[in-house]
Amino acid sequence: MNCPNCNNEILNENINVQTDIAKCQSCNNIFKISDALADSNSDGFDLNNPPKGTWIRSEMNQLVIGATTRSPIAFFLVPFMVVWSGGSIGGIYGTQLAKGEFDPIMSLFGIPFLIGSIIFWSLALMAIWGKVELTLDKHGGKTFTGLGNIGLTKKFTWDEISSVREKQSNFNYPGSQGGSILLEGKRRISFGMGVKESRRYYLFRAMKNILSKVKSNKNFV
Ligand SMILES: [Zn+2]
């Protein structure tokens, strides 16, 4: 058995099966044996067999792993947004344009609708075309959330990251799918919001798998 933290092999004398506790002699990490076994690849997780809606591919010296954020919520959000945003923005600003008169009170009143429209249209577009993608190489990597080339990128190096975990969200909005993935260490990076749970689970396991290879100095690209 290997330490889930530093990946060094655990000496037999540091494993206590009765109490389900083991201690790593290298980094002093104390952990539950059952958790460490559940995290190992003995459950048949196959990095190179991504489920529907996810992908993995090797490019020049890097590995790309991704998942779509496509969601049936789009069938609701798009018509809703056309009516809601069209009605409010058109009503508030369209009438001013049509009359050729600027109305400062009405324009101020419309600002929350403008902000709401931007947020909900982003969600609606993510639910149609969006993706979450990890690009990894031997130095580190980046997470990308967005449409095509437009989106949010967060970069990290491997020495900044020591663990990967799933986080359940305590606040939900349409299309949020209720969770994300956290990369933690010197920095904390979260990604994977809006990805359906089964796809997010693949990203999570893939990232965990690669991180353990990186920490034991194995090549993954
Ligand atoms: Zn350790």
Side-chain angles (χ1 to χ4, degrees), residues 1-51 54-59 61-67 132-145 152-170 177-193 195 197-221:
M1 185 163 66
N2 293 333
C3 171
N5 185 44
C6 69
N7 220 49
N8 281 320
E9 199 168 326
I10 309 286
L11 296 172
N12 275 336
E13 67 222 50
N14 291 334
I15 298 174
N16 189 332
V17 177
Q18 269 114 35
T19 56
D20 190 30
I21 296 285
K23 185 180 177 221
C24 171
Q25 67 283 351
S26 307
C27 72
N28 290 324
N29 179 30
I30 296 171
F31 57 93
K32 281 182 138 182
I33 299 165
S34 53
D35 288 350
L37 291 176
D39 283 347
S40 74
N41 287 337
S42 58
D43 60 2
F45 171 76
D46 185 358
L47 180 65
N48 293 308
N49 188 16
T54 65
W55 56 88
I56 182 166
R57 64 174 190 270
S58 292
E59 290 177 355
N61 299 321
Q62 59 187 23
L63 193 66
V64 179
I65 301 166
V132 168
E133 209 164 55
L134 287 157
T135 307
L136 308 167
D137 63 28
K138 61 181 177 182
H139 307 292
K142 64 179 184 190
T143 67
F144 172 85
T145 307
L152 182 68
T153 298
K154 297 177 189 170
K155 290 185 181 167
F156 57 88
T157 56
W158 289 120
D159 64 351
E160 292 174 321
I161 305 299
S162 55
S163 72
V164 187
R165 68 183 175 95
E166 281 186 297
K167 182 183 173 235
Q168 291 308 309
S169 164
N170 33 20
Q177 313 278 359
S180 55
I181 302 170
L182 289 179
L183 305 179
E184 289 175 314
K186 288 180 202 160
R187 286 175 61 202
R188 173 190 268 183
I189 289 174
S190 82
F191 69 99
M193 257 186 150
V195 177
E197 183 161 17
S198 57
R199 298 171 189 157
R200 195 173 62 234
Y201 186 65
Y202 172 76
L203 292 182
F204 166 68
R205 292 298 303 265
M207 193 59 203
K208 215 170 160 72
N209 183 298
I210 288 159
L211 186 67
S212 81
K213 285 179 185 159
V214 170
K215 296 296 169 191
S216 51
N217 293 314
K218 287 182 204 150
N219 273 336
F220 66 87
V221 189

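Counting convention: from 1, in listed order, for ligands and their atoms alike. We use all heavy atoms of the structure for the numbers below, so side chains are in, but hydrogens, waters and symmetry mates are not. The residues of the chain are indexed from 1 along the displayed sequence.
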**Item:** Phe191: ring-ring contact (aromatic ring centres under 6.0 Å, His included) partners, not counting sequence neighbours
**Value:** none
**Complete:** Nearest heavy-atom approach of Ser190 to Lys154 is O-NZ, 2.8 Å
**Asked** What are the two closest heavy atoms between Met1 and Ile15, and how far apart are they?
**Response** CE-CD1, 3.8 Å
**Request:** Give the intermediate values and the outcome of side chain to side chain contact (heavy atoms under 4.5 Å, CB included) for residues Leu183 and Ile161.
**Result:** CA-CA 6 Å; Leu183 305 179; Ile161 305 299; 3.7 Å; yes
**Asked** Hey, which protein N/O/S atoms does the Zn ion (ligand 1) have under 2.8 Å?
**Response** Cys3 SG, Cys6 SG, Cys24 SG, Cys27 SG
**Asked** Who passes salt bridge (charged side-chain N to carboxylate O under 4.0 Å, His left out) against Glu9, sequence neighbours left out?
**Response** none
**Message:** Restricting to side chain to side chain contact (heavy atoms under 4.5 Å, CB included), what partner residues turn up for Thr157, sequence neighbours left out?
**Reply:** Asp159, Glu160
